[in-house]
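Working notes, beginning with the structure itself.
Below, chain A is the first sequence line, B the second, and so on; all start at residue 1.
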Protein chains: 2
Amino acid sequence: MTKDRLIYLPLGGAGEIGMNAYVYGYGPEGNERLIVVDLGVTFPDMDTTPGIDLIMADTAWLQDNADRIEAIFITHGHEDHVGALGLLWPKLKAPVYARKFTAALATLKFEERGLPLDEIKVVKPRPDTIEAGPFDVQFVPVSHSIPESSALVIDTPAGRIVHTGDFKLDGTPIVGEPFNPDEWHAIANEGSGVKVLTCDSTNVFSPKPGRSEASLARPLAELIAEQRGMVVATTFASNVARLKTLAEAGTAAGRSVCMLGRAMKKMITAAVETGVLTDFPAIIPPEEAEALPRQNLMLIVTGSQGERRAASAQLSRGKYLGLEMKEGDTFLFSSKTIPGNERGVIRVMNAFSEMGVDVIDDRDGLYHVSGHANRPDLEAIHDLLRPSVLLPMHGEHMHLREHCRIGIEKGIASELATNGTMVDLTGERPRIVEYIEAGRTYLDGSVMIGAMDGVVRDRIRMALNGHVLATLILDEEDQPLGDAWVELKGLAERGKRGAALAEQIEAELNEYLGMAGAKVLRNDDKVEEAVKRIVRQVTMEEIGKKPEVTVVTSRLVAD
Amino acid sequence: MTKDRLIYLPLGGAGEIGMNAYVYGYGPEGNERLIVVDLGVTFPDMDTTPGIDLIMADTAWLQDNADRIEAIFITHGHEDHVGALGLLWPKLKAPVYARKFTAALATLKFEERGLPLDEIKVVKPRPDTIEAGPFDVQFVPVSHSIPESSALVIDTPAGRIVHTGDFKLDGTPIVGEPFNPDEWHAIANEGSGVKVLTCDSTNVFSPKPGRSEASLARPLAELIAEQRGMVVATTFASNVARLKTLAEAGTAAGRSVCMLGRAMKKMITAAVETGVLTDFPAIIPPEEAEALPRQNLMLIVTGSQGERRAASAQLSRGKYLGLEMKEGDTFLFSSKTIPGNERGVIRVMNAFSEMGVDVIDDRDGLYHVSGHANRPDLEAIHDLLRPSVLLPMHGEHMHLREHCRIGIEKGIASELATNGTMVDLTGERPRIVEYIEAGRTYLDGSVMIGAMDGVVRDRIRMALNGHVLATLILDEEDQPLGDAWVELKGLAERGKRGAALAEQIEAELNEYLGMAGAKVLRNDDKVEEAVKRIVRQVTMEEIGKKPEVTVVTSRLVAD
């Protein structure tokens, strides 16, 4: 009989910031009972994933072992933790545990896809405990930038794991529960203490202690009180605490507050309905806002990352829901720009500048705080929990590596395990035992495709190189019927000598077809190869590009 | 007779950071004699310009008035100032004036395209003066991040213009001329002083005075001395002063220095040949470097912006020219990441992290200084030159607007003129008199295309939506000959029910063709429209995407 073992297997989130998906297992080797922590998405970009709607972890391994999954736990309601739940659940079909607010957001995703709502179980925080096979799991409230974020205390026959989820040490988080050192102290000291700490690494390179959400109230109130035109502020839709701080600052300055953006309304509704948000200032609808003097109005809008369809970008292009920004108004980014989103944000800023709108961003650190623990905060948690093993997660490779380095300096056995790395946690030191194929799955329109399917590769190639379609018809005797025909897409129409590129290519193709013997023309592959070669050669000569080529050879067959 | 007037017309660089191209004119309205200052490029990105090689100002207006151009002046050798010279010169054909080092770089571009080298005139700095029609132009040395950068003093019958080019106030720039307040004082006080200041705006949002290049020597030397493995540093290839500081720091730490990257070698060669660079430490070739112990080696490489083909990215992927980074080595970014390049830089950093290489960037501001004047430096120049008119340039809209605001606060008539805005500078206050169509021209492969030609639009659409090719053959009687045929590119092969998408589309098309009347099938436009509609409809149903569609209808004609 094999001995039971405890394993950790990140499928997403370890080696990137996004699409979190972590697996723990306990039981006989190769037959461990499994739990999944979080099923998040990450977002596409034009450079690597044009046309893709959402990106999530490739869960092929989990699907192959679906019968071994006891439960899915969702730590909090951010898209990079819950965004793939509706898409992946049908392939995993295990009960989903989450706290009330997170469960409300998960329920929306289940409703969207017609999934059984009773599979989502609302959990109360520790000391309540969920038994999931060999795992006893408790939700521990932590402060973060969305309400009801939780760490998980996962007790196993091999010892206690603390999976932090996303967290910061905030004693005054405005909305949601403050960091509670007593609770963490208890967690560290129960039984034989903490064996494994799986820990957020996002801000490991931030050297100063993190600041509290509460520190923003005064600068924001002062800033808004100073403005004379309309004030428009943007932040992450899910940062309910920030929305409250912003709305309160607006109200205190004698402004009526109006919210624009679907995502924000969804969040506020879920937060109010689940009771996590109380005393939110009164909100007026856009129709009412329109009629108010500008100096009495504040908008809180989506689109802090410059997303083209969000409210802030819409306002930067003109009227949106009857509202329009004008010279003398102020636009505030109460947010940070996620690396990679700079161009979009700058585009919005310049569009506002053209309108004469003053743009204020977080340059001075006054109007935004991060939701993640900085390096000293991470160290405080290490010191508080004194784990035997540290598994850095929620970070790019460099974050995980730096976090490991800190752990090792403290004498904690720290393992850098990126997506697909299965770690055996049974013994005293973590041990890498296997590498699982851990790629990415894309939602493309309404279907899921693999990152390596070639679909996206072809899109990128067409975008870089353009696309030439060559069609030719061969008759019953394999002779060309009429001329070959070429269509260009995404290519310059004329070459350097001014002649039409399509005609140049066609001339060369027809010359070739006229001379090619029946032996070649009888063979589809040879024809295609020759046509591609000619198309690329002429295109390279004429315009200096090597295009993608699709050849359609139609053969007429005798009746 | 019309009165003579003085005009300013930015064609690039005003409303963006990049592709600088400014025009000044003097003479009768609509018939002014013209000079051009700088002809730069900007770089493409996947979001907006996939597949494009270089982007430059649309010079259609200049081409229409080519006979009026007296001269082209190049302020310095950065690509955003000289990069389009070789591409655009054949359309403008005016003599090109530049200082020795800049002229050497311009000459390389002329050689590349077989242009007449004697059109490039090497200029000495002020008091030497170039007469260009009604303009007397002097080159005034300024400090920047490339040697021999110059401001232009442009004297016209309507008064003196100072066009700063890119500059900072650096008294100890390591390579090149220090900022010389006496010279600027003289410029301000000759004749009736400065009428117009056309001024760099890049760092208008940086509130502290800029730091000198010389301030980097010590931190860099200390950092490099501390490292135990190989040290690899990257910076902008054209930052000759930085290359020298880095190489000296390496040499001082007992390391042999090797340079990787074509752009860097080109710069060093030009700088040495023109005499601007002296006392550069000895450089060893890669073959020699390979054999040295790692702790005795320093590489200086291209690719500070994460460019995929540059040396730093190559090293992050493995061996490059026989050299390879290893655990314990150090990689230093002595540079800042230009907004929009973050993803590429982060990719390189993480790849190094995976190798166990320590990456040091400019997080603490110790290892890089900017080449542009910060806000207090800009104000110092305003105060020194006391212009009547301020024309902010070299900035996005928000930079120009902020710079105008500063000018107006000082009582300077400041005009925000973006690309295409013609400003009459004859009177006391600047006056916008005309808007010229000022777009962008792309180098795509070997041909120039207009930004609005639709080529790039089609590429982006194919990248986002995929491309379906439908081919059908109609016989002499307008009846379908065989079945319609569909090829997919950049689209999922199978729809939600698991059936092959191409077959689904073909089935629908053939059903349609079988039922369509001869009246429809006789009409190419109607057939195309119907086929496109069916393809999009089936694709949307099956995979939720609305693809680009190209229809090729071949008609057999009776002999």
Given the options [options], which has more heavy-atom pairs under 4.5 Å with chain A than any of the others?
| options | value |
| --- | --- |
| B:Thr49, B:Asp453, B:Asp358, B:Val345 | B:Asp358 |
| B:Ala492, B:Pro339, B:Ala463, B:Gly51 | B:Ala463 |
| B:Gly445, B:Gly544, B:Ser353 | B:Ser353 |
| B:Thr471, B:Val447, B:Asn350, B:Asn465 | B:Asn350 |
| B:Met349, B:Arg459, B:Glu402 | B:Arg459 |
| B:Asp45, B:Ile460, B:Val456, B:Val359 | B:Asp45 |

So [Y] and [X], do their side chains get closer than 4.5 Å, heavy atoms only?
| X | Y | value |
| --- | --- | --- |
| A:Arg401 | B:Val357 | no |
| B:Ile449 | A:Glu493 | no |
| A:His467 | B:Thr550 | no |

Using salt bridge (charged side-chain N to carboxylate O under 4.0 Å, His left out) as the criterion, list what pairs up with B:Asp329, not counting sequence neighbours.
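For B:Asp329 the salt bridge (charged side-chain N to carboxylate O under 4.0 Å, His left out) partners, ignoring immediate neighbours, are B:Arg294.
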Go through the structure and list residues passing salt bridge (charged side-chain N to carboxylate O under 4.0 Å, His left out) with A:Arg308, not counting sequence neighbours.
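Expected list: none.
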Could you tell me whether the side chain of B:Lys489 and the main chain of A:Glu548 form a donor-acceptor pair under 3.5 Å?
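Checking the backbone N and O of A:Glu548 against the side chain of B:Lys489, no donor-acceptor pair under 3.5 Å is found.
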Part of [X] lying under 4.5 Å from any heavy atom of chain A:
| X | result |
| --- | --- |
| B:Arg494 | backbone |
| B:Asp47 | both |
| B:Ile543 | both |

Would you say that more than 12 heavy atoms from the other residues, nucleotides or ligands in this model lie under 6.0 Å from the CE of B:Met452, or not?
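Count not over threshold, so no.
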Does any backbone or side-chain atom of A:Phe205 lie under 4.5 Å from a heavy atom of chain B? Answer side chain, backbone, both or neither.
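Both parts, backbone and side chain.
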For B:Leu556 and A:Ile473, work out which heavy atoms get closest and say how close.
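Heavy atoms only, the tightest pair is CD2-CD1, 4.2 Å.
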